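Here the structure is laid out as structure tokens; the discussion comes afterwards.
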Amino acid sequence: MNTNVDSPYILFSREKWAMLRDSEPLTLAISELETLKGINDDISLNEVEDIYLPLSRLLSYYVNAKVNRQAALMEFLRQQQQKIPFIIGIAGSVSVGKSTIARVLQALLSRWAECKKVSLVTTDGFLYPNVVLEQRGLMHKKGFPQSYDIRKLLQFVMDVKSGAKEVKAPVYSHRAYDIVLDEFEVISQPDILILEGLNVLQSGIDYPKDKLRVFVSDFLDFSIYIDTEEELLEKWFISRFLKFRKGAFTDPQSFFHNYISLSDKKVIKMATIIWRDINRANLRKNILPTRERADLILHKSENHAVNYVKLRK
């Protein structure tokens with residue numbers, strides 16, 4: 001553990017962080033973990049034990065403190081206590097493995113002794129439909145801040161945080177590469193909401209043309225940034241693209257169906273262009289600058305294994 005006074009973070013080696021698991025029980029079986037993995041994420045039970053069980057234990061302290069604070073406020077106001085969800089934001093680049101981590105955390109947190117209800121929503125559903133992106137000339141900026149209906153996303157988070165009984169989240173299809181019309185996920189007063197996406201830590205400086213006064217990051221109770229080197233992200237993106245080509249892209253309804261006729265060499269070249277022109281550019285300009293806003297930074301090495309953790313003091 002490094003407690004450098006010049007840094008807002010405490011730095012933990014993997015070994016030191018793993019020791020903070022204490023007696024947190026492992027509630028996932030290997031068969032269950034397999035169902036939570038993304039298409040290109042190699043996560044083991046050892047990773048869950050060393051990284052995500054200590055994180056689950058830490059979050060239990062944060063959640064309980066928030067519940068107690070809310071109870072104290074309601075007692076002061078002489079009002080009946082409302083059920084206000086604890087919101088966890090998970091940010092990071094495309095291909096870094098946010099979705100897998102979000103699903104693993106959802107599984108772990110929902111199995112606490114307190115039997116918490118944990119919902120998971122991805123911000124992909126708040127992208128503008130492709131037809132709108134095409135009209136605005138933003139198809140090559142998909143994932144950039146301007147490609148999201150940030151007002152709709154913000155309203156969703158505000159409604160959830162206000163304790164609304166039911167809030168609808170739009171659904172995104174990676175197969176169709178577009179919003180699914182008239183399909184929604186209903187969020188019904190969870191104890192914890194995990195909000196996963198590229199843009200959850202962004203604030204006013206990321207939306208200079210919008211006159212918003214509040215941002216999604218204002219409503220997060222705890223935030224996590226998944227970090228690694230650009231070279232690994234590019235490698236993982238291309239690998240995932242190739243796996244999609246052999247799976248999801250074979251569906252005639254897939255947006256990328258025409259890629260299955262290309263050679264591996266051409267697909268790798270295409271994936272590299274997409275990564276460097278769109279995803280890497282978005283990472284450098286919009287995503288990476290939000291890293292130091294996170295409460296916790298998980299840094300990955302090869303094979304998606306976390307090699308160190310930074311926790312805000």
Side-chain angles (χ1 to χ4, degrees), residues 8-10 20 22-24 52-91 101-102 105-123 126 150-169 184-197 199-207 210-225 290 292-297 309-313:
Y9 290 96
I10 304 170
L20 296 173
D22 198 17
S23 58
E24 189 73 19
Y52 301 106
L53 286 181
L55 177 53
S56 174
R57 179 170 171 254
L58 173 66
L59 286 169
S60 71
Y61 283 102
Y62 274 84
V63 172
N64 289 334
K66 187 75 173 182
V67 170
N68 292 335
R69 178 179 177 275
Q70 182 67 19
L73 176 61
M74 292 299 100
E75 183 178 353
F76 171 73
L77 297 174
R78 297 179 181 177
Q79 294 181 7
Q80 185 176 357
Q81 187 167 352
Q82 291 180 281
K83 187 174 183 180
I84 305 298
F86 186 96
I87 302 183
I88 300 169
I90 300 180
I101 290 172
L105 273 181
Q106 181 186 28
L108 292 175
L109 302 187
S110 65
R111 299 178 189 198
W112 283 350
E114 301 88 345
C115 297
K116 297 293 184 183
K117 178 182 178 182
V118 185
S119 296
L120 170 60
V121 169
T122 172
T123 61
F126 296 90
I150 188 60
R151 292 181 181 274
K152 181 184 286 188
L153 173 57
L154 181 58
Q155 189 62 56
F156 166 80
V157 176
M158 291 172 65
D159 288 344
V160 170
K161 199 63 175 175
S162 71
K165 289 186 177 181
E166 288 191 349
V167 186
K168 290 183 178 181
F184 300 91
E185 181 178 359
V186 179
I187 306 301
S188 305
Q189 289 189 312
D191 297 293
I192 299 171
L193 172 68
I194 298 174
L195 187 64
E196 175 261 305
N199 56 348
V200 296
L201 293 178
Q202 289 168 350
S203 65
I205 62 174
D206 304 299
Y207 298 93
D210 228 323
K211 303 303 179 183
L212 297 171
R213 299 298 182 192
V214 291
F215 301 88
V216 170
S217 54
D218 295 331
F219 296 91
L220 301 180
D221 296 295
F222 192 88
S223 54
I224 301 167
Y225 186 94
T290 72
E292 271 65 38
R293 298 176 193 167
D295 295 303
L296 186 87
I297 299 172
V309 177
K310 294 171 75 174
L311 175 65
R312 185 174 292 280
K313 295 175 183 176

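Predicted model only: the values in this text are computed from it and were never measured.
- The side chain to side chain donor-acceptor pair (under 3.5 Å) analysis of residues 66-91, with sequence neighbours excluded, yields the pairs Lys66-Asp221.
- Pairing each heavy atom of Glu292 with each of Tyr9, the nearest pair is O-OH, 3.1 Å.
- Using modelled atom types, one side-chain atom of Ser217 and one backbone atom of Gln202 make a donor-acceptor pair closer than 3.5 Å.
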Report the C-alpha separation of Phe86 and Leu193 in whole Å, then their side-chain angles, then the decisive distance to 0.1 Å, and conclude whether the side-chain contact (heavy atoms from CB on, under 4.5 Å) test is met. CA-CA 6 Å; Phe86 186 96; Leu193 172 68; over 6 Å; no

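- At least one donor-acceptor pair under 3.5 Å links the side chain of Arg57 to the backbone N or O of Leu20.
- Shortest non-hydrogen contact noted between Val216 and Val200 is CG1-O, 4.0 Å.
- A heavy-atom distance below 4.5 Å is not found between the side chains of Tyr225 and Leu296.
- Every residue meeting the side-chain contact (heavy atoms from CB on, under 4.5 Å) condition with Gln106, not counting sequence neighbours, appears here in chain and number order: Val118, Leu120, Ile194.
- The shortest distance between side-chain heavy atoms of Ile88 and Leu220 does not fall below 4.5 Å.
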side-chain contact (heavy atoms from CB on, under 4.5 Å) between Trp112 and Glu24, intermediate numbers included: CA-CA 9 Å; Trp112 283 350; Glu24 189 73 19; 4.0 Å; yes

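- Taken from NZ in Lys116 to CG in Leu109, the straight-line distance is 10.5 Å, to the nearest 0.5 Å.
- Side-chain atoms of Ile87 and Lys161, non-hydrogen and from C-beta on, do get closer than 4.5 Å to each other.
- The structure places CG of Leu311 at 10.0 Å from CD1 of Ile297, a figure rounded to the nearest 0.5 Å.
- Shown here for Ser223 and Ala294, the closest heavy-atom pair between the two residues is OG-CA, 3.3 Å.
- Not counting sequence neighbours, the partners of Asp218 by the side-chain contact (heavy atoms from CB on, under 4.5 Å) test are Val214, Phe215.
- The shortest distance between side-chain heavy atoms of Pro8 and Arg312 falls below 4.5 Å.
- Residues Phe126 and Phe156 place their aromatic rings such that the two centres sit under 6.0 Å apart.
- Here the side chains of Asp159 and Ile187 are not in contact, with every heavy-atom distance at 4.5 Å or above.
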